[in-house]
Amino acid sequence: MAEEAAEAPPENGSGCDSGTGGLERGVAPIKPQYLTTKEQFHEFLEAKGQEKPCRETELDIRGKLYLAPLTTCGNLPFRRICKRFGADVTCGEMAVCTNLLQGQMSEWALLKRHQCEDVFGVQLEGAFPDTMTKCAELLNRTVEVDFVDINVGCPIDLVYKKGGGCALMNRLAKFQQIVRGMNQVLDVPLTVKIRTGVQERVNLAHRLLPELRDWGVALVTLHGRSREQRYTKLADWQYIEQCVKAASPMPLFGNGDILSFEDANRAMQTGVAGVMIARGALLKPWLFTEIKEQRHWDISSSERLDILRDFTSYGLEHWGSDTQGVEKTRRFLLQWLSFLCRYVPVGLLERLPQRINERPPYYLGRDYLETLMASQKADDWIRISEMLLGPVPPNFTFLPKHKANAYK
Ligand SMILES: Cc1cc2nc3c(=O)[nH]c(=O)nc-3n(C[C@H](O)[C@H](O)[C@H](O)COP(=O)(O)O)c2cc1C
C-alpha cells in the first residue's frame, strides 16, 4: 500500500487521494494515497529515501500560513485545494475525544491526512484529563501527525456546557492536567487554540498564556474574539499584540478577519509568529497565493469554477464516486458555496480590499457565472452543484450548517 503511495505523483498542486476508509482497525480499506497510520507514513518516507522523524517537541512554523481547523468545511478535499494555493500548515476538523475512544469511524476519518499536507495536525476537543490523555496516547500510537491541537476556543453550547472548548479557559486546574497529561504521552508538539475569553469584556488570554507556556505547550493560536462575541464585531488585534508579549518566548499565532494580503501584513506587524486563516480561505482559497505574492488576484468566474471542479473530483476520490459519494461531495460543496458566495471579485470593487464583515450591495457579475456565484440563495448553489455533479435527487433540500456564513 505504501509503495503505491510512494509511486503516486508528487503533490505540488494536483495530486489525488481516494477511499473512504478509517484507521488502523482494518474495518475499512485504506486506499493508496492516504498516509494514515504511522507504519504507512514511515514506509512512504523510506521509499523516498528519507529518515523516520524523531521526537519533536518544538513546532517550527514561524511565518507560515496556517489554514484553520474548520468543522465540516475544512475536509480533506478542501484542504488539498488550499495547499495548492499556498497554505503551509493544515489541521483536521475538530474531533471529539470521547467519540474517538468509542471507535466511531466517522470521527477517526477526521484525522486523515493527504500526502500533500506536509505540516499537518489534528485537533481534539474534550473536557477531562483522563479521556484527553487516553486519546492522545492512542493517537500517538496510531496516526502520523506533526502536532496535536486542543480546541479551547469552541463556543458551542453542547461542548461548553460539558466543560470543554472555551469553558476550559475558566477551569485552570483541569486545563493544566489535560495539557500536562497529553504532553507526557505525545511524541509530537502539543498546541492549543484559544479565544480572548468567554465574556465580551473580560479578557483572559493574557493571563493564561504564561501558564500554557509553563505547562509545556509548543504554540498557541489566539482567535481575537470572545465566546460571547461569536462573529459580531471585529477581532481585537490590539489585544492579540498585547498577548504576544505575554506568551513570549512561546510562539503565538493570531487569528481573525484576514481576507487580504494587507490584512495579513497588518496582523504580522503585531509581532505574532504567524497567522491562521479561516473564513478568508473559505471565501477565497487563493488568498494564500495573494499573501505570498503580495497582490490582489482578479480571478475569473471560469477559474473559480475550475477550482470547484477540482474540489468535486477530490471529493469523489475521497468519499467515493457511487451515489452516496456523489451526494456527500455535493453536500460538502454546498456548505462551501454558502461561504464562497460572499467573495466579491476584485475587478468589481470600488475600493480595495474587500473586508470580511462588510455586506456588499447586490451586484451583477461580469458574466452569467459570476452573477450566479454571487447569489446568496441555496437554489443557486444547488444549480452550481448540478453543473459539476449532475442533477440533485428528487426532494433535495439544503440548509447551510454554520452561523458564520451569514452577515450580522
Ligand atoms: C465553518 C467553520 C468551522 C469552524 N470549525 C472550527 C473547528 O473545528 N475548530 C476550531 O478551533 N475553530 C473552528 N472554527 C473557527 C475558526 O478556526 C476561526 O478561529 C474563526 O473563524 C476566526 O477566524 P476567521 O476570522 O479567519 O474566520 C470554525 C469556523 C468556521 C467558519
Side-chain angles (χ1 to χ4, degrees), residues 65-76 78-79 82 87 89-97 99 107 110-111 121-126 147-156 158-160 164-169 191-197 205 219-227 229-237 239-240 252-261 263-264 266-267 272 274-285 287-288 291 331-343 354-358 399-408:
L65 297 177
Y66 187 161
L67 170 67
L70 292 162
T71 296
T72 312
C73 294
N75 47 64
L76 182 145
F78 176 74
R79 299 197 305 267
C82 291
V89 181
T90 52
C91 185
E93 300 164 64
M94 179 183 88
V96 178
C97 270
N99 295 348
E107 210 70 15
L110 301 176
L111 310 181
V122 289
Q123 190 186 55
L124 299 182
E125 177 281 317
F147 60 95
V148 173
D149 188 66
I150 314 175
N151 188 355
V152 186
C154 185
I156 61 173
L158 200 71
V159 168
Y160 184 80
C166 256
L168 280 173
M169 291 186 74
T191 65
V192 175
K193 182 159 177 269
I194 59 173
R195 285 178 177 255
T196 54
L219 179 146
V220 172
T221 302
L222 173 58
H223 174 193
R225 271 182 279 258
S226 65
R227 171 175 189 257
Q229 230 176 303
R230 298 288 174 100
Y231 286 95
T232 63
K233 304 210 183 118
L234 293 175
D236 187 348
W237 278 93
Y239 181 60
I240 294 178
L252 183 75
F253 265 57
N255 168 231
D257 303 334
I258 294 175
L259 189 62
S260 65
F261 74 85
D263 291 337
R266 253 193 310 278
V272 288
V275 291
M276 173 185 275
I277 296 171
R279 290 167 303 158
L282 292 170
L283 267 70
K284 43 185 254 196
L287 172 58
F288 298 103
I291 296 172
R331 296 254 163 217
F332 285 109
L333 173 68
L334 289 168
Q335 292 294 348
W336 182 18
L337 284 169
S338 73
F339 284 93
L340 264 177
C341 63
R342 290 174 54 183
Y343 169 71
Q354 181 185 353
R355 302 226 175 270
I356 207 156
N357 60 329
E358 283 174 359
L399 204 66
K401 244 186 184 176
H402 207 279
K403 286 188 182 139
N405 57 8
Y407 295 97
K408 285 286 166 191

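For ligands, and for the atoms within them, numbers begin at 1 and follow the listed sequence.
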Mind running salt bridge (Lys or Arg N to Asp or Glu O under 4.0 Å) on D263 and R355 for me, showing each step along the way?
CA-CA 9 Å; D263 291 337; R355 302 226 175 270; 3.5 Å; yes
T221 and N255: CA distance, side-chain angles, deciding distance, side chain to side chain donor-acceptor pair (under 3.5 Å) verdict
CA-CA 7 Å; T221 302; N255 168 231; over 6 Å; no
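Of the inter-residue distances, the one linking R79 atom CZ with C73 atom SG reads 12.5 Å to the nearest 0.5 angstrom. The distance from atom OH of Y343 to atom CD of Q354, rounded to the nearest 0.5 Å, is 7.5 Å.
Under a 3.5 Å cut-off, the side chain of E93 and the backbone N or O of L76 do not form any donor-acceptor pair.
Residue-to-ligand polar distances place P69 within reach of ligand 1: an N/O pair is separated by less than 3.5 Å. For ligand 1, the polar-atom distance check against A278 finds a nitrogen or oxygen pair separated by under 3.5 Å. Annotation: T71 places an N or O atom under 3.5 Å from an N or O atom of ligand 1; distance criterion only.
Within the listing of ligand 1, atoms 8 (O) sit less than 4.0 angstrom from a heavy atom of M94. Heavy-atom proximity to A68, at under 4.0 Å, picks out these atoms of ligand 1: 17 (O). For ligand 1, the atoms closer than 4.0 angstrom to any heavy atom of D257 are 24 (P), 25 (O), 26 (O). Listed by number with element, the atoms of ligand 1 under 4.0 Å from a non-hydrogen atom of R279 are 24 (P), 25 (O), 26 (O), 27 (O), 31 (C). Within ligand 1, counting atoms from 1 as listed, the ones closer than 4.0 Å to a heavy atom of Y231 are 15 (C), 20 (C), 21 (O), 29 (C), 30 (C), 31 (C). Close approach to K193 involves these atoms of ligand 1, each under 4.0 Å from a residue heavy atom: 10 (C), 11 (O), 12 (N), 15 (C), 16 (C), 17 (O), 18 (C), 19 (O).
Residue contacts with ligand 1 include G256, since one or more of its heavy atoms lies under 4.0 Å from the ligand. Note on ligand 1: E93 sits outside its first shell, no heavy atom being nearer than 4.0 Å. Not a single heavy atom of Q335 sits under 4.0 Å from any atom of ligand 1. Residue contact annotation: T72 has no non-hydrogen atom under 4.0 Å from ligand 1.
A tilted orientation is assigned to the rings of H223 and Y231, their planes being inclined by 30° to 60°.
Residues R225 and K233 form no side-chain contact, since every pair of their non-hydrogen atoms from C-beta on lies 4.5 Å or further apart.
Minimum heavy-atom separation, L222 to A205: CD1-CB, 3.9 Å.
Relative to the six-membered ring of F339, R279 misses at least one condition, a distance below 6.0 Å or an angle of at most 45° to the axis.
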